[in-house]
Amino acid sequence: MKGNSSRQKDKERKSRLGLFLTKSGSHENVSPHKKTNTTSSDISVEAALQWSDSFEELLKHTDGVETFSQFLRTEFSEENIEFWLACEEYKTIDSETKMLSKAKYIYSVFIEAEAPKEVNIDYNTKTAVKKNMEHPTRSCFEAAQMKVFSLMKKDSYPRFLHSDIYMRITRRKGPGANMFRRRSRSCVFNERGEATTEPSAW
């Protein structure tokens, strides 16, 4: 029973990752201002506000991951989220042959020196991953993935929450958007039809 539940979760994760990777594609020769299929108007303010709860919460949402990726493109560091996603996908692979092939791909694209999308990890971690390539396992990229995760969480994520990309979504003046953000301060004025709060008070 547990095995079936685990396989179902893996399928759901693969589906979510596949949807995102299909939308975002490769970052090679991509302008940091290039638009993707998802626009800020497609994302509800309420959903976007959940992303600010924690970096972990953002990663649970496909639109959150894609919007964060758009932000990373403006900083030319989108290889970090792409590597993290590749590692997540790698951990769902059941076939030993496919795992070996995927491990070599991830290593050649993100880890080895002068790789096209080389991530910024320390020498010891990089050396450990290289040694793991002799006999790849499901956890062979775990240390490197955690390093990149920590880098995004402590460095990129706080800047993302103050970025124009994120602010455009959370401050969008759509139906109910203002009431959602300022319910406690403005609902009395709204009921009287005397709302006077200036936009600069956000």
Side-chain angles (χ1 to χ4, degrees), residues 8-93 102 105-106 108-111 115-121 141-142 144-178 180-181 202:
Q8 182 61 33
K9 287 182 180 179
D10 282 349
K11 286 181 180 179
E12 290 174 358
R13 180 160 55 175
K14 283 181 180 179
S15 177
R16 187 167 65 250
L17 291 171
L19 176 61
F20 169 74
L21 292 171
T22 298
K23 285 184 176 181
S24 63
S26 171
H27 81 321
E28 292 181 357
N29 301 317
V30 173
S31 163
H33 304 293
K34 183 177 180 180
K35 295 181 180 179
T36 60
N37 294 334
T38 297
T39 63
S40 61
S41 61
D42 297 326
I43 305 168
S44 71
V45 174
E46 290 82 357
L49 287 171
Q50 293 180 38
W51 307 344
S52 65
D53 290 345
S54 67
F55 185 49
E56 290 82 354
E57 182 66 28
L58 179 147
L59 293 175
K60 295 177 183 178
H61 300 263
T62 301
D63 287 338
V65 174
E66 186 170 348
T67 305
F68 182 62
S69 297
Q70 290 177 31
F71 166 72
L72 292 183
R73 288 191 191 100
T74 69
E75 297 200 332
F76 300 97
S77 60
E78 66 269 33
E79 68 278 358
N80 291 327
I81 191 64
E82 290 184 9
F83 171 68
W84 186 86
L85 286 166
C87 290
E88 286 295 286
E89 183 180 29
Y90 173 77
K91 288 184 287 188
T92 68
I93 298 175
K102 185 69 173 181
Y105 170 80
I106 292 175
S108 65
V109 172
F110 297 104
I111 303 295
K117 301 180 184 180
E118 185 178 1
V119 292
N120 184 20
I121 56 176
F141 295 108
E142 196 166 300
Q145 184 183 16
M146 287 304 298
K147 294 279 186 180
V148 171
F149 174 87
S150 179
L151 177 65
M152 292 191 292
K153 181 176 181 176
K154 295 178 180 179
D155 186 42
S156 304
Y157 176 63
R159 290 202 302 275
F160 166 74
L161 294 179
H162 293 89
S163 68
D164 288 340
I165 291 175
Y166 184 63
M167 292 298 185
R168 278 199 299 271
I169 301 173
T170 57
R171 295 182 177 182
R172 188 173 66 248
K173 295 183 179 180
N178 289 344
F180 182 84
R181 291 304 300 273
W202 281 79

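For clarity, every value in this text was computed on a predicted model and none was experimentally measured. For this chain, numbers begin at 1 and follow the sequence in order.
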| Going from CG on Leu58 to OH on Tyr157, what distance comes out if it is rounded to the nearest 0.5 angstrom? | 6.0 Å
| remark: Shortest non-hydrogen pair, Leu72 vs Met152, comes out as CD1-SD, 4.3 Å
| query | Who are the salt bridge (charged side-chain N to carboxylate O under 4.0 Å, His left out) partners of Glu142, not counting sequence neighbours? | reply | none
| task | Would you confirm whether Thr92, through its side chain, and Glu89, through its main-chain N or O, come within 3.5 Å as a donor-acceptor pair? | result | yes
| said: Applying ring-ring contact (aromatic ring centres under 6.0 Å, His included), can you list everything that pairs with Phe160, at least two apart in sequence or on another chain? | reply: Phe68, Phe71, Tyr166
| query | With sequence neighbours excluded, what pairs up with Ser108 under the side-chain contact (heavy atoms from CB on, under 4.5 Å) test? | reply | Glu112
| query | Ser54: what forms a side-chain contact (heavy atoms from CB on, under 4.5 Å) with it, not counting sequence neighbours? | reply | Glu56, Glu57
| request: Look up atom CZ in Phe83 and atom CD in Glu88, then write down how far apart they are to the nearest 0.5 Å. | output: 10.5 Å
| query | Partners of Ile121 by side-chain contact (heavy atoms from CB on, under 4.5 Å), sequence neighbours excluded? | reply | Ile111, Val119, Thr125, Lys126, Ala144, Lys147, Val148
| Sequence-distant partners of Val109, side-chain contact (heavy atoms from CB on, under 4.5 Å), two or more places apart | Tyr105, Pro116, Lys117
| query | Between Asp164 and Arg168, is there a salt bridge with N-O shorter than 4.0 Å? | reply | no
| side-chain hydrogen bond (donor to acceptor under 3.5 Å, both in side chains) involving Gln50 - partner list, sequence neighbours excluded | none
| query | Quick one: CD1 on Ile43 to OG1 on Thr62, what's the gap to the nearest 0.5 Å? | reply | 10.5 Å
| Closest heavy-atom contact between Leu161 and Met167? | O-CE, 3.4 Å
| message | Looking at Ser69 and Val65, would you say the former's side chain and the latter's main chain have a donor-acceptor pair under 3.5 Å? | response | yes
| Set of side-chain hydrogen bond (donor to acceptor under 3.5 Å, both in side chains) partners for Asn120, sequence neighbours left out | none
| message | Can you tell me how far apart CZ (Arg73) and CD1 (Ile165) are? Round to the nearest 0.5 Å. | response | 9.0 Å
| message | Would you say that Trp51 contacts Asp63 through its side chain, given a criterion of any heavy-atom pair below 4.5 Å between the two side chains? | response | yes
| task | Give the minimum heavy-atom separation between Phe55 and Lys153, together with the two atoms involved. | result | CD2-CB, 3.6 Å
